[in-house]
Protein chains: 2
Amino acid sequence: MPRAKEVLTITTPPGEDAEDIGEIRDIVGFHLRLAHGAVYRHFTETFTDLGLTQKQVSVLWLVDDHPGIAQTGLSQRMRMDRATTMAIVNRLEARDLLARGPSPTDGRKQTLNLTEAGKAMLATAKEAIRAHEDWLKSRYTPREVAVLIELLTRLHE
Amino acid sequence: MPRAKEVLTITTPPGEDAEDIGEIRDIVGFHLRLAHGAVYRHFTETFTDLGLTQKQVSVLWLVDDHPGIAQTGLSQRMRMDRATTMAIVNRLEARDLLARGPSPTDGRKQTLNLTEAGKAMLATAKEAIRAHEDWLKSRYTPREVAVLIELLTRLHE
DNA sequence: TATTGTTATACTCTATAACTATA
DNA sequence: TATAGTTATAGAGTATAACAATA
């Protein structure tokens, strides 16, 4: 009796149609969306006073970590479109938290740097982030936090 | 020598200021946002032809699972505001995928049900979801998928 | 030709506030 | 009073397309 060369075995739950994709609670994307939404809402509440969004804080943080970074560099690190990056940088520049400047090496590029107000805002924001992350991590052991970050990283790397 | 009653020990990495929150790559929310964005983009690409968003598919699916559900019931399951739910239901109703009806028991409520076109669309959407989830799950072992869902669920439950 | 920044445009999501009808 | 739906409004994120300047 010849053996089948099994590359992958898919088990169909008993009593369920093989064509059925299953239940919505088994969809990873569904949970990812709900989890993101919950964290987004808590973030927004935490940051009402500062008036900053997740994206805006991320941009301030990344510019602080990489002074003089160009908008395309920011786009790559944030996995955003150029136009989307523009919109966010525009808002931060309008609030005088971030400044555009010319690139000494490439006339097409802009250099981005935090203003003094931007640095102060980032410091305050990091305090709020700490509280926000504590709220988030309170559900997990340190080991679980590490696992969660590992698994999430595989989705965006 | 008295022992300290340690509830939680927080270890500060050597050479790092205790006031420093750390690096952005250690922030769970940062990875969650990037992961969500990556999955969102792949979802959008997968669903360009159908012209459905994540939220819209979730609503169709939930209405199919719970025929006659009210908009507030939908709001709770999707963790959305009433007004946000309205906007999404409006779009689906305008495309004749979903129908509003009166509630037999409560004059304030609306019942929601899929139209025939809505049921057909959902069936097609589920096929696309299957491909989308396969892409997503290809990074993980079945065990890791279960862990990821477990950890994400703790964030939105 | 390719890259970078820019502008214009459009759609979706999200939430708040205020209003109406019903319980 | 509280709940459900509705409407209006506003801000933010997302992407596409087209354009100008530079490499």
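Chain naming here is simple, since letters A, B, ... match the order of the sequence lines and numbering starts at 1 in each.
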Problem set entry | Between dT7(D) (P) and Arg91(B) (CZ): distance, integer Å | 14 Å
For this session: Check the side chains of Ser58(A) and Arg33(B) for a donor-acceptor pair under 3.5 angstrom, ignoring hydrogens and angles.
Result: yes
Exercise. Arg100(A) or Arg41(A): which one's nearest nucleotide on DNA chain C is closer to the 5' end?
Worked result: Arg100(A)
For this session: Give a yes or no on whether a salt bridge exists between Glu127(A) and Arg130(A), defined as a side-chain N under 4.0 angstrom from a carboxylate O.
Result: yes
Exercise. Between residues 61-84 of chain A and DNA chain D, which residues have a heavy-atom gap below 4.0 Å?
Worked result: Met80(A), Asp81(A), Ala83(A), Thr84(A)
Problem set entry | Separation of dA23(D) C1' from Gln110(A) CD (nearest whole Å) | 16 Å
Problem set entry | Atom-to-atom span, CZ of Phe47(B) to P of dA15(D) - whole angstrom | 17 Å
For this session: On DNA chain D, check which nucleotide each of Gly107(A) and Lys55(A) is closest to and give me the residue with the more 5' one.
Result: Lys55(A)
For this session: Could you point out which residue of Gln71(A), Arg91(A), Met78(A) forms a side chain to side chain contact (heavy atoms under 4.5 Å, CB included) with Val59(A)?
Result: Met78(A)
Exercise. Does Lys109(A) make a side-chain N or O approach to OP1 or OP2 of dA23(D) shorter than 4.0 Å?
Worked result: no
Problem set entry | Mutual orientation of the aromatic rings belonging to His132(B) and His42(B) [parallel < 30°, tilted 30-60°, perpendicular > 60°] | parallel
Problem set entry | Distance in angstrom units between Gln54(B) CD and dA15(D) P, rounded | 12 Å
For this session: Tell me which nucleotide among dA21(D), dT3(D), dG13(D) gets nearest to the side chain of Arg108(B).
Result: dT3(D)
Exercise. Between Arg100(B) and Asn90(B), is any side-chain donor less than 3.5 angstrom from a side-chain acceptor?
Worked result: yes
Exercise. Under 4.0 Å between a Lys/Arg side-chain N and an Asp/Glu carboxylate O for Arg154(B) and Glu144(A)?
Worked result: yes
Exercise. When the distance from NE2 of His42(B) to P of dA15(D) is rounded to whole Å, what number comes out?
Worked result: 14 Å
For this session: Classify the side-chain pair Thr111(A)/Ser103(A) by whether it contains a donor and acceptor separated by less than 3.5 Å.
Result: no
Exercise. Are side-chain heavy atoms of Arg143(B) and Leu148(B) found at a separation under 4.5 Å?
Worked result: no
Exercise. Taking only N and O in the side chain of Thr44(B), is any of them less than 4.0 Å away from OP1 or OP2 of dA15(D)?
Worked result: no
Seminar exercise, completed: Taken to the nearest whole Å, OH/Tyr40(B) to P/dA15(D) is 7 Å
Exercise. Arg79(A): what forms a side chain to side chain contact (heavy atoms under 4.5 Å, CB included) with it, not counting sequence neighbours?
Worked result: His156(A), Leu34(B), Arg41(B)
Exercise. 5' to 3' on DNA chain C, which nucleotides open and close the contacts with chain B (atom under 4.0 Å from a heavy atom)?
Worked result: dT12(C) to dA23(C)
Exercise. Base, sugar-phosphate alone, or nothing: which one does Arg33(B) contact when heavy atoms must sit under 4.0 Å apart?
Worked result: nothing
Problem set entry | Rounded distance in Å - NE2 (His36(A)) to C1' (dT14(D)) | 12 Å
